[in-house]
There are 2 protein chains.
Amino acid sequence: MAHRDDSVETIQQELTAFARRARATAARIHPELSLVSYTLLAHLDDQQGCRATDLAAHYLLDKSTVSRQIAALERLGFVERRLDPADHRVQVLHPTEEGAQVLANASNSRRQAFHERLADWSEADLDRFALYLLRYNAAQERLG
Amino acid sequence: MAHRDDSVETIQQELTAFARRARATAARIHPELSLVSYTLLAHLDDQQGCRATDLAAHYLLDKSTVSRQIAALERLGFVERRLDPADHRVQVLHPTEEGAQVLANASNSRRQAFHERLADWSEADLDRFALYLLRYNAAQERLG
DNA sequence: AATCCACGTTGTACTATACAACTACTTCAA
DNA sequence: TTGAAGTAGTTGTATAGTACAACGTGGATT
């Protein structure tokens with residue numbers, strides 16, 4: 001049990017340290033994209049467009065927060081709104097050409113950074129680490 | 001290489017999801033402690049007191065940020081300042097009795113939450129996960 | 001039609017943060 | 001020994017991100 005406690009303690013410490021660093025580091029993922037706006041834009045990109053309400057629900061953000069984030073992305077020219085012809089309350093949000101481009105760039109440098117950090121890991125270790133993270137996140141989702 | 005890419009992709013996704021959730025969830029770790037104030041208080045506790053400057057350096061926060069966080073903790077009665085007799089510029093910060101108590105409570109519920117999330121993990125898996133996290137964080141530290 | 005609901009915006013407030021200017025104290029060197 | 005330079009911490013100011021509440025507009029239900 002002592003060993004078990006030690007491992008859990010380490011996991012807790014390291015995840016906490018990671019979260020702290022993530023806050024500091026990832027505030028600007030790209031000169032013009034914060035972690036939040038990056039995430040929202042990425043979601044629009046791989047959902048092929050969606051509504052502000054969907055973003056709010058998916059990321060547990062208030063709709064006013066999403067509204068302002070989207071407004072900012074629109075000012076930057078990265079997102080455009082298309083009124084849903086079937087329901088005039090709804091705006092379907094899409095990345096613009098430029099938005100998709102910026103997203104692709106940000107996404108590539110981000111991916112590259114991960115590859116660098118994990119460069120000397122064996123394939124087996126990468127695989128296990130990925131599975132552990134999935135398992136941990138699923139548990140956290142389940143247990144709140 | 002495809003498999004390698006897949007694993008890295010998953011790791012990236014899951015760590016990002018974790019960071020996002022951490023922001024939302026850990027804002028209040030305890031009715032009166034945010035993640036930051038909890039962290040600072042914990043540091044004071046296991047360093048047996050330290051200076052505001054040390055906290056700033058250790059957690060990469062501006063000294064003004066630390067100053068205000070500490071001021072808040074002092075208002076709550078969780079931290080006290082002791083003027084360093086040898087250098088009157090310096091205030092050595094210590095948790096108060098009450099601060100130590102609140103910290104212990106917060107720390108215990110936090111530990112318990114981790115134990116619950118990891119309850120059904122084998123000891124071998126816990127051990128490996130802990131090592132992977134250490135390794136990952138060390139790499140991130142090294143590579144920025 | 002009247003009522004209720006859904007979508008999104010805006011007003012307001014709060015927290016966390018950084019940077020810059022400042023005060024108080026210390027150290028060091030001429 | 002004194003004055004210049006450096007260090008610890010606070011305060012003024014600005015910004016980002018967020019939530020909640022109130023609102024306007026448009027749909028849906030009865």
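Since this is a predicted model, take the numbers as computed values, not measurements. Chain naming here is simple, since letters A, B, ... match the order of the sequence lines and numbering starts at 1 in each.
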Nearest-Å distance for atom pair CZ/P, residues B/Arg51 and C/dC25
17 Å
If you compare all heavy atoms of B/His94 against all heavy atoms of B/Gln48, which two are closest, and at what distance to 0.1 Å?
CE1-O, 3.3 Å
Atom-to-atom span, CG of B/Leu83 to C1' of C/dT23 - whole angstrom:
15 Å
B/Arg51 vs B/Asp84, salt bridge (Lys or Arg N to Asp or Glu O under 4.0 Å): CA-CA, chis, key distance, verdict:
CA-CA 10 Å; B/Arg51 302 173 307 162; B/Asp84 183 341; over 6 Å; no
How long is the line joining CG of A/Leu35 and P of C/dT17, in whole Å?
15 Å
Determine yes or no for a side-chain-to-main-chain donor-acceptor pair under 3.5 angstrom, with A/Asp127 supplying the side chain and A/Glu123 the backbone.
no
Classify the side-chain pair A/Gln101/A/Glu97 by whether it contains a donor and acceptor separated by less than 3.5 Å.
no
How many Å lie between CG on A/Leu33 and P on D/dA16, as a whole number?
14 Å
Mark up nucleotides 18-30 of chain D, 5' to 3', with B wherever a protein heavy atom is under 4.0 angstrom from a base atom, S wherever such an atom reaches only the sugar-phosphate, and - elsewhere.
SBBB----BS---
B/Gln91 CD to D/dT7 P, in whole Å, measures 18 Å
Between C/dG8 and A/Thr53, is there an OP1 or OP2 to side-chain N/O distance shorter than 4.0 Å?
yes
Taking the six-membered ring of B/Phe114 as reference, does the cationic atom of B/Arg111 (NZ for Lys, CZ for Arg) lie under 6.0 Å from its centre and within 45° of its axis?
no
Atom-pair distance (CZ on B/Arg82; C1' on D/dG9), nearest Å
18 Å
Considering all heavy atoms, the nearest B/Val66-B/Ala52 contact
CG1-O, 3.7 Å
Using a cut-off of less than 4.0 Å, is there contact between a side-chain N or O of A/Ser34 and OP1 or OP2 of D/dG17?
yes
